[in-house]
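All heavy atoms count here, side chains included; hydrogens, waters and symmetry mates do not. Here the structure is a predicted model, which means the values were calculated and not measured.
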Protein chains: 2
Amino acid sequence: MKKPSIKDVAQHAGVSTATVSNVFSGRKPVNDDLKDRVRAAAEQLGYQANRAASQLRSQRNHVVAVLVPNLTDTFFAKIISNLENLAFSQGYDVIVASSHDRLDVEESRIKALLRWQPAGMIAIPCSGELPASIAALKETSPVVMVDRVSVEGCPFDTVTIDNYQSGVDAGQFLADQGHQKVLIAASNLDHPPIQNRAQGCFDTVQKLGGHCEILALGSDLDEGAKVVGDWLDNNEPPTAIFGLTNVTTLSVLTAMADRGIRVCDHISVVAHDDYAWMSARSASLTVMQQPVDDIAKTAWQRLIDRIESDGVNHAPQSSVLEAHLVKRKSVKNLKGGM
Amino acid sequence: MKKPSIKDVAQHAGVSTATVSNVFSGRKPVNDDLKDRVRAAAEQLGYQANRAASQLRSQRNHVVAVLVPNLTDTFFAKIISNLENLAFSQGYDVIVASSHDRLDVEESRIKALLRWQPAGMIAIPCSGELPASIAALKETSPVVMVDRVSVEGCPFDTVTIDNYQSGVDAGQFLADQGHQKVLIAASNLDHPPIQNRAQGCFDTVQKLGGHCEILALGSDLDEGAKVVGDWLDNNEPPTAIFGLTNVTTLSVLTAMADRGIRVCDHISVVAHDDYAWMSARSASLTVMQQPVDDIAKTAWQRLIDRIESDGVNHAPQSSVLEAHLVKRKSVKNLKGGM
DNA sequence: CTGAAAGCGCTAACAT
DNA sequence: ATGTTAGCGCTTTCAG
């Protein structure tokens, strides 16, 4: 059974196709009785407007492409989830692709996204480098780059958090609690946010007279756990560990659990980003919490502004939001009390 | 700057548009020299075929719609991630929508998905009920229903796990370890998988002479934690708790942590579904692990079979996969040894 | 193997 | 306010 077209609906309702179109698009006024007839006919036939045809004709496409490194990381999932809501409430559709953290996949996913002729794109690249297919959009199509971006020199709008400051805050807090030996568990120092978080914490702890070491764990949980574990087996234990991502934190906790090292009691832990599981522990984790909802909202707003200001092409803006410290129970106070 | 069309490429290469089309679609052979000319022209102009136009004309759409209750639940995210890979490797695109676990949103998201004229749909509904807009697809479009489905009477292919059996296995294991008083932390008993898991465990524990109680926590983590907490405050503690979902397990662990109740030591815990965080604890969680990759693979295969066997409409098939027990360290052996 | 021309379902411009 | 008609960019006949 073929799908009903606008013609079928028009015929059924005894009106022209243009009228049907106007009823659904709302671009021109239609009398109420006709509207009702059209709606009834559409309902009865199970009519769904064909996007392809409407897009082709109108040269407008209320679709925004979203690229993320990974769907299974709740941080990105939350951003997408927010974007989806925002988009939907404003009559846009969102199409999503994930690069699975691989540069080659990234390129091909971007190309696939672009074939939909989206009105714009929100991209979290998998490395700090601007993917070539996105760079090519400069004069063509609005783009907002989010999270894993080097803000300086990016030809597009950017939305990031102040990752250096976030590292500073974590380092400051640890130092305040008397921690002088801090291990930073980084994933991949090629990612600008990671690099900056690490640097911020490192600089701060050093400046305050402590000692800081940065360990790169990669992006695999088990391998990361092994790296941390080996390090722990071969070094003086730190008093605190700063986990820079969800996965690195999991690696750290795994390595600690394997060795019977207790969080807070033996080694304090600060995590970056706040996941539900971090609170559901006897020593709930102190974290640097990113304003996920704001990141999504800001990115969306930037993009929509560009799309709707159609043509007027002012200089790229960078929005920098702040992470903030949420104190829980995974950091021991080494000074005086406790 | 307008995007180049197939005409521009044709002109540039000195061939007809049909030839350009054939070069890219590969549906008809083209001489090598022409092919090269066309490719070069396309490259130079930055030509990207317009899907809308091609879909409209060919009436073929290599797009599959995917509906999930929630993007931020890693279980669903993993399924999507798998589907995306499978789709991509077979020349399909996937478009995703989330119902945010709300029936009204679900309906409107389904309608939005259908406007893409997808070749088929994979849906995880938010309740056990078949959404009306999906039911209407019966004669029109292939559909595979996954996870939260009552298999009996579903007019479409289904892919589920044997949730009752999963409950039985968990109950059996707990009973084997000497647990006679088990609390089942369910989310929402309207979801068929939850109902079945709970029932399987309940029946088994009872049959083996133990006592079992089912507590519905809803889908909110904090509210769930409150419900469990209240229950714990007002009842004889169970020897074990079976958490039926990621969120219920988090609620349980939160309530326990708040009360200084230690996993395994004081109360044993079995979780359903396996998330990375479940292992990164001093008492890593024993879980009923779902074969996520297989679920996705099976659903995809069913759908593609339907899409490509175009028309031949055999009876709905239901694929039932098995969850399996992964023993870790959250269950205490109450019998003899330990 | 290649080109010319028709037409997919819709909307924009124009006519009524 | 509604109808008529052309054409968006592509693929598909159908000729050559």
Residue pairs passing the side-chain hydrogen bond (donor to acceptor under 3.5 Å, both in side chains) test with at least one member in residues 64-80 of chain B, sequence neighbours excluded, are B:Asn70-B:Thr72, B:Asp73-B:Tyr275

Pairwise side-chain contact, B:Ile134 with B:Met145, heavy-atom cut-off 4.5 Å (strictly under): yes

Closest non-hydrogen contact found for B:Gly120 with B:Ser141 is CA-OG, 4.3 Å

Tightest non-hydrogen contact, residues A:Thr298 and A:Leu321, listed as OG1-CD1, 4.0 Å

Within residues 21-42 of chain A, those residues having any heavy atom closer than 4.0 Å to DNA chain C are A:Ser21, A:Arg27, A:Lys28

Margin query: Looking at A:Cys126, is its backbone amide N or carbonyl O close enough to the side chain of A:Arg148 to form a donor-acceptor pair, meaning the two atoms are under 3.5 Å apart?
Written below: yes

The correct set of residues in residues 49-58 of chain A placing a heavy atom under 4.0 Å from DNA chain C is A:Ala49, A:Asn50, A:Ala53, A:Ser54, A:Arg57, A:Ser58

From CG of B:Asn61 across to C1' of C:dG9 the rounded distance in Å is 14 Å

Residue pair A:Leu303 / A:Tyr92, side-chain heavy-atom distance below 4.5 Å: no

Here the side-chain hydrogen bond (donor to acceptor under 3.5 Å, both in side chains) pairs for residues 12-26 of chain A, sequence neighbours left out, are A:Ser16-A:Thr19

Sorted by chain and number, sequence neighbours left out, side chain to side chain donor-acceptor pair (under 3.5 Å) with A:Asp32 holds for none

Separation of C:dA4 atom C1' from B:Gln11 atom CD, nearest Å, is 15 Å

So CG of B:Leu130 and CZ of B:Phe156: to nearest 0.5 Å the spacing works out to 5.5 Å

Before giving the answer on salt bridge (charged side-chain N to carboxylate O under 4.0 Å, His left out), spell out for B:Arg115 and A:Asp93 the whole-Å C-alpha distance, their side-chain angles and the decisive distance to 0.1 Å. CA-CA 10 Å; B:Arg115 290 175 17 83; A:Asp93 269 14; over 6 Å; no

Contact span of DNA chain D against chain B, any nucleotide atom under 4.0 Å from a heavy atom, 5' to 3', runs D:dG9 to D:dC14

### Query
Contact class for A:Val15 vs. all strands (heavy atom < 4.0 Å): base, sugar-phosphate, or nothing?
sugar-phosphate

request  = Please check the phosphate of C:dT11 (OP1 and OP2 only) for any side-chain N or O of A:Arg60 closer than 4.0 Å.
outcome  = no

note: B:Ile6, atom CD1; C:dA5, atom P; distance rounded to Å ~ 17 Å

Worksheet item: Do the rings of B:Tyr47 and B:Phe24 sit parallel, tilted or perpendicular, given the 30° and 60° boundaries?
Response: tilted

